[in-house]
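Since the structure comes first, as structure tokens, the remarks are kept for the end.
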Amino acid sequence: MTKSFGAVRALKGVSFDLRPGEVHALLGENGAGKSTLIKVVTGAHQPDGGTIEIGGCQVAHLTPASAHELGISCIYQQPALFPALTVAENIALRLEPATVGRRVNWPERRARAQKLLLRIGAAIDADTEVRRLSMPEQQLVEIACALGAGARIVIMDEPTASLTQKEQHLLFSVVRDLRASGVGVIYISHRLEEIFALADRVTVLRDGESVGTNKVDDMNEASLIKLMVGREVSQLYPPGDAAPREVVLSLKNLGCAASGVRNVTLNVRAGEIVGLAGLVGAGRTELARILFGLTPADEGELLLNGQRLTINSPPEAVAHGIAYVPEDRRRHGVILEMPIAANITLAIHQRLFPGAWLRLGAERQLALDYIRDLDIKAYGPEAPGGALSGGNQQKIALARWLATKPKLLILDEPTQGVDVGAKSEIHKIIRHLAKEGLAVLMISSDLPEVLGMSDRIAVMRGGTITALLPGGSLAHDVMAAALGQAEKGVAA
Amino acid sequence: MSWLRRSARLKKEWRHDPEALMLKRHFRELSVAAALGILLLFLAVAAPAFYQAQPLLSLLTREAPTLVVACGMALVIISRQIDISVGSQFAVCSVCAGLLAALKWPPFLVLPASIAIGALMGAINGTLVAGLRLPSIVVTLATMVTWREGLRWLRQGEFVNLPDGVQWLGLSQANGQRALIITALVVLVLMALAMKHLSAGRFVHAVGSDAEAARLAGIRPQLVTFSTFVLIGAFTGFAAMMNIAQSPQVDPKSGTGLELKTIAAVVVGGVAISGGRGTLWGVFAGLLLLACISPALTHLHIEAYWEKAIQGAIILLAVVADGLRTRSEKR
């Protein structure tokens, strides 16, 4: 089987092939193009160029439905089952033709579901409602669906992310059975040890390009990590300020059971950019949400300027001088229907408008100042936020929080989806702010950005900080820590 | 193909010209106002009788309480909620105010009492919607039925006879009518100013656009939602008082269909049902447009059965226009 694709933006001429009866691992850092590749294979996205061949036949137009017919099944991290229906019904929904007037043969439905579950060694009663199943059990149901559909290609996207050790072993044996029965498995995981335990071959993606397909036996952890990060820092980042100043934020064993963050200890100084690196799901955004009072901490200490605080809501965080520029700015950073001026002043109404009466002239002036200072490209403060480009929207989100005159600025993926020019402008702004004495905590999945911008790098994994590295560390070391391959606690 | 290129160029300029932007941003309000203007002009030519002072005054007086409730409804819909219990709240407030007036309470005490009862019912809606995060359509559907049926059970459909001095607030009919119309207009102007010039107005827009984004900006969306429901309740109580001042008796069935009238006015007036966008001027124009249909038909000697159909068509047109607009913006 061969699949190759041409110039998709997120995917630049990737070639990938999967043989029957093999487990082919797909590896790459966040945003390397793994998900895009999977979406193309499952028909969710159309490739802009290139061809897909399945079983030797070229497939011209792959849709989710035709992918299903061709025996391609995908098992996501979050199982896509209907929680209110039973296991048997869920399996039937995938396998039986969707004809409205057809009579349902309940005993047959049950028997088939039970047989499929038995085949993968899952001790699940087919009459259980799916919402009563644990996450791994739901994954097993997904696998049963795939088997039942006679899948020839099974894609598993980080299937073990929420599994315990024991459940993992069960899953692995199911995957090995699949392989033995001639099914091709595409296996995506951030856990290198799984890849070595399970995969036959591994393809590493980086920046939407394939940097090589190798036999797993020929590789070791070090060579894989090297493949994943092996790129030069091509951009120039504004230099930092070496002199350390007073500690603004100090966290001691901070944790929040609800969001899976535990035992975080970290200092952020004035004038310093601390990069927060880690893979998706490592708990970085969750940590930011704790600091901003969205999911209050339930253990440990949080000190701001030496003062012990509990922050229970965003307004409290704002009052204490904490600003949070969230990720996904189109949804949460900027209110698209509101003019720029209103967007910028949204978090400072109490200060700018005492007595709650809006002084529209003052607001306009403030907006004009920020439009000038941050070089926001728009025809004026009245332009709605939705009319701007991604980079300019991000600047507005930034302006809103700078207007609060914060002591601590938390940035969550500040340059995600921003073009190169705006990106380096935003970098300059962030560095400038740090030089003015702001403490900056920057979450980023863009490894060169973390390396280039940060004075120190905190690496998170499994809800806690596993390594503190000095600025200018090697990409290799950060990646190794994020993947859990480094010793703990290198002090900086 | 030169016209194509030219129109593309025009469009680009359009996007960058602030005046064109104003026009574009208030396009919906302006188009409703234009439709109203055309209707009024047409009536001036085809049926000048429409402009006789007394029927016109009566028409506006009838719509005055509706306008006050519509102001509250606009607020609720801009914050991306809905309140279909206003009609029942209106009936409860009317009957309570009538009973208090019958007990010889002076109007300056009956009015705050009526507002307080409305605000209380609004607070119940608000607690359920904002506090328990239940969908507002279901909550207000439940309270709509509860208040209406509770009132029917308590009062057995009995009318309340009002003492002298309540109707037209003790003024002559014409002056009373003028006073009610002016009151409604004052409420409208104050609300429009508040929406533009108070922080609270901004927050309502922000929460309606994106509650999570508003929360991340330090606004308390649940508090905003709760407040809008209390406000619409208070406005309904106020409107109920304006209503009982128009007749010698209080009809326990008053306010039937008020929710539909106000929601229609709000939607026709250009408030996005998906929240975050809209002005009270548009709502005013929308309300007048819908209110003029019935007398216009009478004067044009068209059967009155057509009123609802035409109103429905206008609402449909407004919703379709909004839908098309949102779609073209997304592109």
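Convention: sequence-line order gives letters A, B, ...; per-chain numbering from 1.
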Between [X] and chain B, with a heavy-atom cut-off of 4.5 Å, which part of the residue counts as in contact: side chain, backbone, both or neither?
{"X": "A:Leu360", "result": "side chain"}
{"X": "A:Thr404", "result": "neither"}
{"X": "A:Arg359", "result": "neither"}
{"X": "A:Pro339", "result": "side chain"}

When you compare the side chain of [Y] with that of [X], does any pair of heavy atoms fall below 4.5 Å?
{"X": "B:Ser209", "Y": "A:Leu336", "value": "no"}
{"X": "B:Ile219", "Y": "A:Leu346", "value": "yes"}
{"X": "A:Ile335", "Y": "B:His205", "value": "no"}
{"X": "B:Asp210", "Y": "A:Glu337", "value": "no"}
{"X": "A:Leu294", "Y": "B:Leu216", "value": "yes"}

Q.
For a side chain to side chain contact (heavy atoms under 4.5 Å, CB included) check, start with the C-alpha distance between B:Arg202 and A:Glu363, then their side-chain angles and the critical distance, and finish with the verdict.
A. CA-CA 13 Å; B:Arg202 255 322 146 62; A:Glu363 174 175 78; 2.7 Å; yes
Q. Do any pairs count as a side-chain hydrogen bond (donor to acceptor under 3.5 Å, both in side chains) and have a residue in residues 115-137 of chain B, sequence neighbours left out, and if so which ones?
A.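 Those involving residues 115-137 of chain B are B:Gln81-B:Ser136, B:Ser85-B:Asn125, B:Asn125-B:Thr143.
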**Q.** Listed once per pair and sorted, the side-chain hydrogen bond (donor to acceptor under 3.5 Å, both in side chains) pairs that draw on residues 222-237 of chain B, sequence neighbours left out
**A.**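 Found none.
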Q) Parallel under 30°, tilted from 30 to 60°, perpendicular over 60°: which one fits the rings of A:Trp357 and B:His197? A)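 The rings of A:Trp357 and B:His197 lie parallel, inter-plane angle below 30°.
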Q: Return the minimal non-hydrogen interatomic distance between B:Ser199 and A:Phe353, and the atom names on each side.
A: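 Taking B:Ser199 first and A:Phe353 second, the nearest heavy atoms are OG-CD1, 4.2 Å.
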**Q.** Least distance between heavy atoms, A:Pro314 atom then B:Gly218 atom
**A.**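 Closest approach of A:Pro314 to B:Gly218, heavy atoms only: CB-CA, 4.1 Å.
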Q | Neighbour count >12 (heavy atoms, 6.0 Å) for atom NZ, A:Lys377 | A |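 Correct, the count exceeds 12.
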Q: Decide if atom CD of A:Gln350 counts as having more than 12 heavy atoms of other residues, nucleotides or ligands within a radius under 6.0 Å.
A: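 Open.
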**Q.** Residue among A:Ala323, A:Ala342, A:Ala319, A:Ala378 with most heavy-atom pairs under 4.5 Å to chain B
**A.**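 Most heavy-atom pairs within the cutoff with chain B belong to A:Ala342.
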